[in-house]
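Order of the sequence lines fixes the chain letters, A, B, ..., with proteins taken first and strands second; residue numbering starts at 1 for each chain.
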Amino acid sequence: MSDQIRVRFAPSPTGYLHVGGARTAIYNWAFARAHGGKFLLRIEDTDAQRSTPENTQQILRSLAWLGLDWDEGPTLDGSSRGDFGPYLQTERAELYEREFKKLQDAGLVYPEGDSAAWRFDVRRAWPERTIEFDDLVFGHIVVERDQVEDFIIKRSDGSPIYHFAVVVDDANMLISHVIRGDDHLSNTPKQIVLYRALGYRIPEFAHLSMILGDDGKRLSKRHGATSVEAYRGEGYLPEAMVNYLALLGWAPDGKTTLFARETLAAKFKLDHVSKNPATFDAKKLNWVNQQYIKQMGASAFVDAWWPYLIKAADAEDWQLPDPSARREWYEAMYALVCERIDTLAEAAPKLAYFFSGDHLAMDERSVQKVLRGGGGDNAAANAAAAKNALEAQKAALAALGSADWTLEPITAALDDALAKLALKPKLFWQPLRVAVCGNMVSPPLNESIALLDRVLVLTRIERALQLVD
RNA sequence: GGUCCCGUGGUCUAGCGGUUAGGACGUCGCCCUUUCAAGGCGGAGAUACGAGUUCGAUUCUCGUCGGGACUACCA
């Protein structure tokens with residue numbers, strides 16, 4: 001008769017953790033944290049055919065990455081914590097067997113045909129006409145008992161079927177609130193009958209609407225990335241992921257869209273969870289992620305970015321300067337890209353010119369349009385202007401010593417060159433941009449030059465000059 | 001087919017009988033500008049439909065339409 005709030009996330013390891021499951025986990029976690037309760041994790045692996053330990057590991061990793069710490073359940077190192085274990089259903093066979101005996105002794109089960117499977121007798125267990133319950137999200141639900149058919153609770157091989165195992169486990173783990181996907185809403189009456197038949201107290205239920213793809217259909221692999229692991233791989237931040245997913249069906253108020261995990265953990269309530277299914281909007285996720293990147297700061301950025309940079313370096317064959325010796329150099333890049341990327345994985349391609357050394361890739365379109373004047377009427381004149389600009393820039397920068405190779409002197413020297421040439425700013429800066437960054441679209445130019453090696457910059461300008469002719 | 005559930009702009013939502021129906025993403029336009037962004041300002045855009053109840057419905061009831069879930073020795 002404890003009033004302790006205990007909730008659980010109970011995934012089945014038949015696949016990775018997808019965003020729908022992640023949101024269910026987030027709501028369970030937030031509910032527990034907001035009400036001073038416990039959040040537990042249980043692995044529903046009774047389907048021996050499709051469950052794998054690898055999937056279990058990946059699910060645990062994804063949850064940990066999201067920052068959803070659980071009070072009880074299996075841990076990443078293969079053990080577990082909590083007093084209500086084991087937390088893997090395949091290790092709870094004894095309990096199921098014992099509880100099954102209770103139903104058998106009460107005459108509430110009968111064999112399925114002439115197999116060794118057993119079916120639960122709903123009518124004998126529940127004489128009343130209707131089965132009712134109050135769902136914390138969906139409200140009062142009434143179902144005619146005759147709409148509920150007898151169902152298998154034990155397979156021929158002796159293992160329990162879902163409906164039986166969840167009820168036994170939730171009751172024995174003293175779960176107070178069952179918060180899960182609404183694909184279980186229709187199954188809840190069955191489970192309520194089971195609860196009473198086994199003499200358990202019936203918990204509160206809260207069902208969560210599904211998450212849909214942009215075509216209005218249930219989110220699936222067809223819609224691209226759906227696994228939490230995949231989003232992690234693309235460079236989404238766990239904080240952004242939690243924030244965005246929490247927004248799919250819940251809002252702290254009518255105005256706030258950005259909130260920390262801690263705010264969720266303090267303010268989350270079930271009575272404001274939406275009943276309608278939410279469509280997953282990748283564009284909004286990108287925006288949320290960018291907001292987090294913009295506020296994370298240079299140091300945190302470099303830490304988070306590093307694995308993605310290494311991956312890009314491997315693919316592009318870049319030699320990365322020693323991160324401990326050149327920490328400031330890497331951190332300086334944050335200001336150059338933080339407003340230009342949605343994900344961490346997008347940073348390296350935008351900053352490629354810092355890492356490609358003598359092998360800077362020149363974007364073909366940029367070379368044609370900017371260095372060679374494009375195909376228009378002014379092509380020849382523009383190409384000539386580009387040549388003049390590059391020569392002036394080369395001279396201006398060459399005149400700077402290594403000691404002056406910082407933003408202010410560089411900017412002053414270039415501004416001075418521009419003033420002398422009296423060119424349209426665009427015709428002056430774009431050739432230099434292409435020469436140094438390899439592309440007519442890039443992060444801030446002067447700041448980039450200041451971060452690049454002096455000789456390398458001069459070499460690149462020289463190379464661009466050759467491309468003009 | 002049966003049962004249950006859902007229905008505010010393109011998307012996520014606020015609203016809980018009386019509002020010029022609010023915010024965010026996206027979108028469009030303008031400003032800023034050394035490219036791209038970021039930022040600022042502004043615009044378009046919603047209560048699925050039809051009956052009730054009520055002095056008054058986005059809000060309560062019913063029906064229609066549309067969508068979803070369940071109906072497995074999957075969870």
Side-chain angles (χ1 to χ4, degrees), chain A residues 10-15 21 44-51 89 112-113 115-119 135 137-139 141-144 146-149 151-163 165-166 180-190 207 209-212 214 216-218 244-258 271-272 274-288 290-291 294 336-342 350 366 369-370 411 414-415 418 424-434 437 439-446:
Chain A
S12 93
T14 52
E44 312 220 318
D45 55 354
T46 60
D47 182 354
Q49 311 301 320
R50 301 189 299 148
S51 300
Q89 290 188 324
E112 165 71 8
S115 74
W118 291 82
R119 194 172 271 269
D135 189 275
V137 171
F138 284 93
I141 308 279
V142 184
V143 177
E144 296 288 321
D146 288 346
Q147 296 298 331
V148 180
E149 293 184 55
F151 53 98
I152 303 270
I153 61 172
K154 187 178 181 180
R155 294 188 182 88
S156 300
D157 67 6
S159 64
I161 232 64
Y162 170 73
H163 299 298
V166 252
R180 72 218 320 187
D182 81 353
D183 46 337
H184 292 302
L185 191 59
S186 305
N187 289 324
T188 304
K190 288 180 185 175
H207 287 89
S209 58
M210 310 258 82
I211 293 181
L212 277 22
D214 53 17
K217 298 272 198 280
R218 186 172 176 167
Y244 176 69
L245 254 17
L247 233 27
L248 256 29
W250 179 83
D253 53 57
K255 300 193 168 223
T256 313
T257 49
L258 262 20
D271 58 1
H272 270 68
S274 171
K275 290 192 277 255
N276 358 343
T279 301
F280 189 86
D281 182 1
K283 286 199 178 129
K284 187 157 183 175
L285 202 216
N286 283 343
W287 178 81
V288 171
Q290 185 188 55
Q291 298 309 306
K294 278 166 65 179
L336 301 187
V337 283
C338 73
E339 287 174 352
R340 276 164 256 266
I341 54 174
D342 289 333
K350 281 197 159 52
S366 300
K369 186 168 179 189
V370 177
T411 301
L414 291 172
D415 282 347
L418 170 60
K424 276 172 68 179
K426 197 170 175 177
L427 291 177
F428 178 82
W429 296 108
Q430 288 300 76
L432 182 60
R433 187 183 304 282
V434 174
C437 305
N439 200 298
M440 59 199 276
V441 175
S442 82
L445 183 54
N446 294 2

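Using a 4.0 Å heavy-atom distance criterion, A:Q49 is classed as making no nucleic acid contact. Within the nucleic acid shown, A:K350 has no heavy atom closer than 4.0 Å to any nucleic acid atom. Contact annotation for A:T279: backbone-only contact, meaning every heavy-atom pair under 4.0 Å involves sugar-phosphate atoms and none involves a base. At a threshold of 4.0 angstrom between heavy atoms, the contacts of A:G181 with the nucleic acid are absent. Within 4.0 Å of A:A278, counting heavy atoms only, lie sugar-phosphate atoms of the nucleic acid but no base atom. A:K426 comes within 4.0 angstrom of nothing in the nucleic acid, heavy atoms only. Here A:P444 lies in heavy-atom contact (under 4.0 Å) with a base. Within the 4.0 angstrom heavy-atom criterion, only backbone atoms of the sugar-phosphate kind lie near A:F138; the bases stay farther away. Note on A:I141: only backbone sugar-phosphate atoms sit closer than 4.0 angstrom, heavy atoms only; bases stay farther off.
B:U34 has its base stacked against the ring of A:W429, the centroids being under 5.5 angstrom apart at an interplanar angle below 30°.
Summarising the base pairing, B:U54 is matched to no nucleotide, lacking a Watson-Crick or G-U wobble pair whose two defining distances lie under 3.5 Å. Across all strands shown, B:C25 forms a Watson-Crick or G-U wobble pair, both distances under 3.5 Å, with B:G10. Taking a pair to require two hydrogen-bonding distances under 3.5 Å in either a Watson-Crick or a G-U wobble arrangement, B:C49 pairs with B:G63. Figure legend. B:G2 is base-paired to B:C70; pairs are counted as Watson-Crick or G-U wobble with both atom distances under 3.5 Å. Using N1 to N3 plus N6-O4 or O6-N4 for Watson-Crick, or N1-O2 and O6-N3 for G-U wobble, each under 3.5 Å, B:U33 pairs with nothing. Pairing for B:A44 is absent, with no Watson-Crick or G-U wobble pair whose two atom distances lie under 3.5 Å.
Between B:G2, B:C74, B:U35, one nucleotide has an atom nearer to the side chain of A:I161 than all others, and that is B:C74. For A:D183, whose side chain is taken as the heavy atoms from C-beta onward, the closest listed nucleotide among B:C25, B:C73, B:A75 is B:A75. If you check B:G26, B:C73, B:U34 against the side chain of A:S115, the one that comes closest is B:C73. When the nucleotides B:G39, B:U71, B:C25 are ranked by their closest atom to the side chain of A:Q291, B:G39 comes out on top. Comparing B:C36, B:C6, B:C73 by their nearest atom to the side chain of A:P277 picks out B:C6. The side chain of A:S12 has B:A75 as its nearest neighbour among B:A75, B:C5, B:C70.
For a distance-only test at 3.5 Å, the side chain of A:N446 qualifies as a donor-acceptor partner of the base of B:U34. Between the side chain of A:K255 and the base of B:A14 there is no donor-acceptor pair of N/O atoms closer than 3.5 Å. Scanning atom types as modelled, one donor and one acceptor separated by under 3.5 angstrom connect the side chain of A:S156 and the base of B:C73.
Distance, A:N286 CG to B:U27 P: 11 Å, rounded to whole Å. Computed from coordinates, the A:W287 CH2 to B:U13 C1' distance equals 13 Å when rounded to whole Å.
Note on A:R155: a side-chain N or O is less than 4.0 Å away from OP1 or OP2 of B:C74. Phosphate proximity of B:A69 to A:S186: absent, as no side-chain N or O sits under 4.0 Å from OP1 or OP2. For the pair A:T46 and B:A75, the criterion of a side-chain N or O lying under 4.0 Å from OP1 or OP2 is met. Dashed line: the shortest gap from a side-chain N or O of A:K294 to OP1 or OP2 of B:G39 is under 4.0 Å. Taking 4.0 angstrom as the limit, A:N187 places none of its side-chain polar atoms (N or O) nearer than this to OP1 or OP2 of B:C70. OP1 or OP2 of B:C74 has not a single side-chain nitrogen or oxygen of A:H163 nearer than 4.0 Å.
In this structure, a donor-acceptor pair under 3.5 Å is present between the side chains of A:D253 and A:T256.
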key: Worked check of side chain to side chain contact (heavy atoms under 4.5 Å, CB included) between A:R218 and A:D183   = CA-CA 11 Å; A:R218 186 172 176 167; A:D183 46 337; 4.0 Å; yes

